[in-house]
Asks: 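Shown below is the structure under consideration.
Both counts, for ligands and for their atoms, begin at 1 and track the order of listing. Computed from a prediction, not measured in an experiment: that's the story for all the values here.
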Amino acid sequence: MSTPDSPLSAGDFVEALRGLSHRYWGTHPFHRRLHDGSLSEFELRTWAANRWYYQSMLPQKDAAIISNCPVPRIRRDWLTRIVYHDGAAEGEGGRERWLRLCEAVGLTREEVLDERHVAPGVRFAVDAYVTFARTKPWVEAIASGLTEMFSGHLMRQRVADMLANYPWIRREDLAYFTNRIDAVSGEGQATADIVVEYCRTRAEQEKAIAALSFKCDVLWSMLDAVERAARKE
Ligand SMILES: O=C(O)c1cc(C(=O)O)c2c(n1)C(=O)C(=O)c1cc(C(=O)O)[nH]c1-2
């Protein structure tokens with residue numbers, strides 16, 4: 001008989017995780033405006049310079065997961081994420097592609113790298129994500145990254161909408177997203193498989209759901225802070 005303490009089946013567990021999709025930042029008003037073309041150039045620059053902080057901290061978040069994880073197969077997997085963002089050499093990788101997008105919207109590398117535009121709320125939210133990965137059990141940290149299950153569709157839409165609605169943005173400026181779309185679909189599934197494999201008890205499953213919920217709050221708070229910072233001009 002199923003009780004409140006009995007583990008969810010793998011299917012129900014994944015459904016419960018997917019059920020958080022309405023909390024994902026895809027529906028945030030600022031993202032809606034990014035997609036429908038109504039952002040000013042200043043708002044676009046504010047978005048790109050702030051999201052830089054998220055992009056730049058992802059390798060440290062993934063390194064924290066590796067440092068807490070005793071499973072070689074998973075550490076190996078997470079290493080590829082670090083190399084994906086940092087690149088195999090200087091001037092390559094997701095980090096570099098994000099900087100190119102920043103330049104395309106009119107920012108200099110210098111003003112992105114020195115973080116002068118990063119809003120306090122964005123820094124606070126991103127730092128909370130990194131601290132989560134450093135201090136929580138590795139499987140919860142991995143579960144918090146499951147927002148990637150929701151991001152493939154959003155990124156595909158973003159490329160189409162930005163090309164249609166900001167005529168001065170070229171396809172090559174969006175290489176960060178076009179490159180990321182393929183990576184993300186595979187990674188989202190692989191992450192879900194790991195979370196299902198390692199969260200066996202109901203308590204572990206609930207922690208994973210809470211971790212994904214926390215991450216939705218991180219992303220949502222980032223956009224709240226970006227929206228406010230972009231009002232200043
Ligand atoms: O453009 C997006 O909407 C979006 C969302 C997310 C996400 O949902 O966390 C990530 C990314 N992009 C992304 O590019 C990326 O590298 C990434 C890594 C992670 C993570 O939590 O480890 N999320 C995301």
Asks: Can a salt bridge be assigned to the pair R33 and E43 using a cut-off of 4.0 Å between side-chain N and carboxylate O?
Replies: yes
Asks: Salt-bridged, E140 to K215, with N to O below 4.0 Å?
Replies: no
Asks: May I ask you to list the atoms of ligand 1 that are less than 4.0 angstrom from any heavy atom of S151?
Replies: 5 (C), 8 (O)
Asks: Where is the nearest protein heavy atom to atom 22 (O) of ligand 1: which residue, which atom, and how far?
Replies: K61 NZ, 2.6 Å
Asks: Using heavy atoms and a threshold below 4.0 Å, how should the contact between W98 and ligand 1 be classified: side chain, backbone, both, or neither?
Replies: neither
Asks: Which atoms of ligand 1 sit under 4.0 Å from any heavy atom of G145?
Replies: 21 (O)
Asks: If you count the atoms of ligand 1 from 1 in the order shown, which ones are under 4.0 Å from a heavy atom of L154?
Replies: 3 (O)
Asks: Is the cationic atom of R75 (NZ for Lys, CZ for Arg) positioned less than 6.0 Å from the six-membered ring centroid of W78 and within 45 degrees of its normal?
Replies: no
Asks: Check for me whether Y176 has a heavy atom closer than 4.0 Å to any atom of ligand 1.
Replies: yes
Asks: Does ligand 1 come near enough to K215 that some N or O of the ligand is less than 3.5 Å from an N or O of the residue?
Replies: yes
Asks: Is the NZ or CZ atom of R97 both under 6.0 Å from the centre of the six-membered ring of Y84 and within 45° of that ring's axis?
Replies: yes
Asks: Just need the protein heavy atom nearest to atom 7 (C) of ligand 1, so name the residue and atom and give the distance.
Replies: T147 OG1, 3.4 Å
Asks: Counting only heavy atoms not in R171 (residues, nucleotides, ligands), do more than 12 fall under 6.0 Å from its CZ?
Replies: no
Asks: Looking only at protein heavy atoms, which one is nearest to atom 1 (O) of ligand 1, and how far off is it?
Replies: R158 NH1, 2.7 Å
Asks: Judged by atom type as modelled, is there a donor-acceptor pair below 3.5 Å linking the side chain of R95 to the main-chain atoms of S56?
Replies: no
Asks: Could E148 and R81 be called an ion pair, given the rule that one side-chain N must be under 4.0 Å from one carboxylate O?
Replies: yes
Asks: Counting each atom of ligand 1 from 1 as listed, which ones have a heavy atom of L219 under 4.0 Å away?
Replies: 7 (C), 8 (O), 9 (O)
Asks: Checking S213 side chain against I209 main chain: does a donor-acceptor pair fall under 3.5 Å?
Replies: no
Asks: Pick one of side chain, backbone, both or neither for how R81 approaches ligand 1, counting any non-hydrogen atom pair under 4.0 Å.
Replies: neither
Asks: Any side-chain to backbone donor/acceptor pair from Y54 onto V122? Under 3.5 Å, distance only.
Replies: no
Asks: Just go through F150, Y129, W78, W25 and tell me whose heavy atom is the nearest to atom 20 (C) of ligand 1.
Replies: Y129
Asks: Within a 6.0 Å radius of atom CZ on R228, are there more than 12 heavy atoms belonging to other residues, nucleotides or ligands?
Replies: no
Asks: Taking the six-membered ring for Trp and the single ring otherwise, decide whether the centroids of W98 and F177 are under 6.0 Å apart.
Replies: yes
Asks: Which residue owns the protein heavy atom closest to atom 18 (C) of ligand 1, what's the atom, and how far is it?
Replies: L58 CD1, 3.5 Å
Asks: Can a non-hydrogen atom of Y24 be found less than 4.0 Å from any atom of ligand 1?
Replies: yes
Asks: Kindly identify the option in H85, R180, R51, E148 whose heavy atom sits closest to atom 4 (C) of ligand 1.
Replies: R51
Asks: Specify the protein heavy atom at minimum distance from atom 19 (C) of ligand 1: its residue, its atom name, and the distance to 0.1 Å.
Replies: Y54 OH, 3.5 Å
Asks: Should you measure from each heavy atom of F177, which atoms of ligand 1 turn up under 4.0 Å away?
Replies: 1 (O)
